[in-house]
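Notes follow once the structure below has been shown.
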There are 2 protein chains.
Amino acid sequence: MVKDWYKGGDKVYVAVDCIIFGFDAGVLKLLVFKRRVAPFEGRWSLIGSFVRPDESSSEASHRVLKEITGLDNIYMKELRVYSEVDRDPGARCISIGQYALIRVDEHDKELVESHGAKWYPLNELPNLVLDHGKMVSDALERLRTNAQFYPIGFELLPQKFTIPQLQQLYEVIFQKQFDSRNFRKKLLSLEILKKLDEKDKSSSKKGAFLFQFDSDKYKQIRKKGFSIPLFKNQDVL
Amino acid sequence: MVKDWYKGGDKVYVAVDCIIFGFDAGVLKLLVFKRRVAPFEGRWSLIGSFVRPDESSSEASHRVLKEITGLDNIYMKELRVYSEVDRDPGARCISIGQYALIRVDEHDKELVESHGAKWYPLNELPNLVLDHGKMVSDALERLRTNAQFYPIGFELLPQKFTIPQLQQLYEVIFQKQFDSRNFRKKLLSLEILKKLDEKDKSSSKKGAFLFQFDSDKYKQIRKKGFSIPLFKNQDVL
DNA sequence: GCAAAAGTGTTACGCTTACACCCATGG
DNA sequence: CCATGGGTGTAAGCGTAACACTTTTGC
């Protein structure tokens, strides 16, 4: 960038804030840490960073995620931009909310602790700085909406999981019980699960078969799919 | 804002760019204008602006929309942030894409012309500056996805419209023909259309009854609705 | 042998889809 | 009177939803 053609225009600080969901011990949790800059230094905050001159917003959010959890290749999507003029008393600063789904079993717990970050169940969250509470509720709403239409639940479970685990996750996300026979039938009928020969015996004597998400098959289905149901009954929310 | 607590951090230019859709003469059109700043001054561009210190990104996009079309209260949603480091050779500048649906019959045509803005059918669009072409294709994809689940088509039609008009719009959006009996049945079964006593005779001798979108009823349905179908068949895209 | 979770099948209903003819009117 | 677009009904098929019992095994 040799020249600034827009000189005289207004510049602002641009940050990313990550709304990081995990599924652990049967509940949805959120990863937060203690803010390291004034104002509000030391208060609970989403994990974020200013966007650097040499990176995009998506690169910035992946960078901080890796820094704190050690994880690469995370499911992360832009939520929205928070740009209210007075949202940050520290300075005019807009923030891009990015929500992430991570596998709690794969992340680096010591790294997380060393940054003073902590997992909180969603219903025990402390108050967060700025508009971060709003970001969390927006992200939760988005998670619910998207989980209705896309198989994103898998991003929150271990690579190998059982059908009852999957059902429990969806029950937590949607705050609703499902019939286990219909749930199993439905999920298997999608043909995006690969059944393994192993069983998980951690939650029952009989043991439950483990499955893997088959993202190749999913991509195939997506490709040819697209039936465009106009409005499909109650999906008109 | 009395003090800058983040001094020493990097600031960037933040702009909004509006992807403005209209439905006219049976085709989807996009409103573009000639860029007024260097570099690329005079080339076709989405309509945008820098975000000012005293406004949010949403306020900025509504401001430029009003400035060019004279319209208030427009359906406008954030698409996503475009923040690739080299997206704008003029300077490091991130842009927030905002897509808008407007009623072509209600906008101020002279105002549009006086700004050098022009409606182009989507398949006759000139090349646009920067990453604006990408913004358009992203917005179109979003429009299609959203139109499957939410009744947003009404935002593109006159307040009063006929069922055949509505069908034509959906056929254009989805590039797909619908059976007129099923289409009518489906839309009426949603119970969000109010039938008027007037007829529109502009496209047939018999004339077609006019309808209005009933947003109150729609809100009611949304409120109690929410049946959460897990994945509803092909809706798993 | 029993407690606790995993796993399985069938039926009724409602929504979706396919399909063809009559109606109203202006010219 | 006829050409043009508007408007209507029905039957078959498919996916959804409701429902209860058997299996496995560690203790």
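Every chain is numbered from 1 and lettered A, B, ... according to where its sequence line falls, protein lines coming before strand lines. The structure presented is a predicted model; accordingly, all values stated were derived computationally and were not measured.
- Listed here is the closest heavy atom pair of B:V172 and B:G26: CG2-O, 3.3 Å.
- Checked by atom type and distance alone, the side chain of B:R144 pairs as donor or acceptor with a backbone atom of B:I173 at under 3.5 Å.
- To the nearest 0.5 Å, atoms CG (A:L190) and OH (A:Y218) are separated by 10.0 Å.
- If you measure from atom CG of A:D200 to atom C1' of C:dA5, you get 12 Å, rounded to the nearest angstrom.
- Closest non-hydrogen pair, B:F23 versus B:V104, comes out as N-CG2, 3.7 Å.
- Between the C1' atom of C:dT16 and the CZ atom of B:F178 lies a distance of 13 Å, rounded to the nearest Å.
- Separating the NZ atom of B:K186 from the P atom of C:dA18 is a distance of 14 Å, rounded to the nearest angstrom.
- Judged by the 6.0 Å and 45° rule, A:R80 forms a cation-pi pair with A:Y82.
- Following rounding to the nearest Å, A:Q177 (CD) and D:dA17 (C1') show an atom-to-atom distance of 16 Å.
- Between A:E84 and A:R87 there is no salt bridge, since no side-chain nitrogen of the basic residue lies less than 4.0 Å from a carboxylate oxygen of the acidic one.
- If you measure from atom CD of A:Q148 to atom C1' of D:dT16, you get 15 Å, rounded to the nearest angstrom.
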Sugar-phosphate atoms are those with a prime plus P, OP1 and OP2; base atoms are the rest. Using that split, label each nucleotide of nucleotides 2-10 of chain D B, S or - for protein heavy atoms under 4.0 Å, 5' to 3'. ---BBSBBB
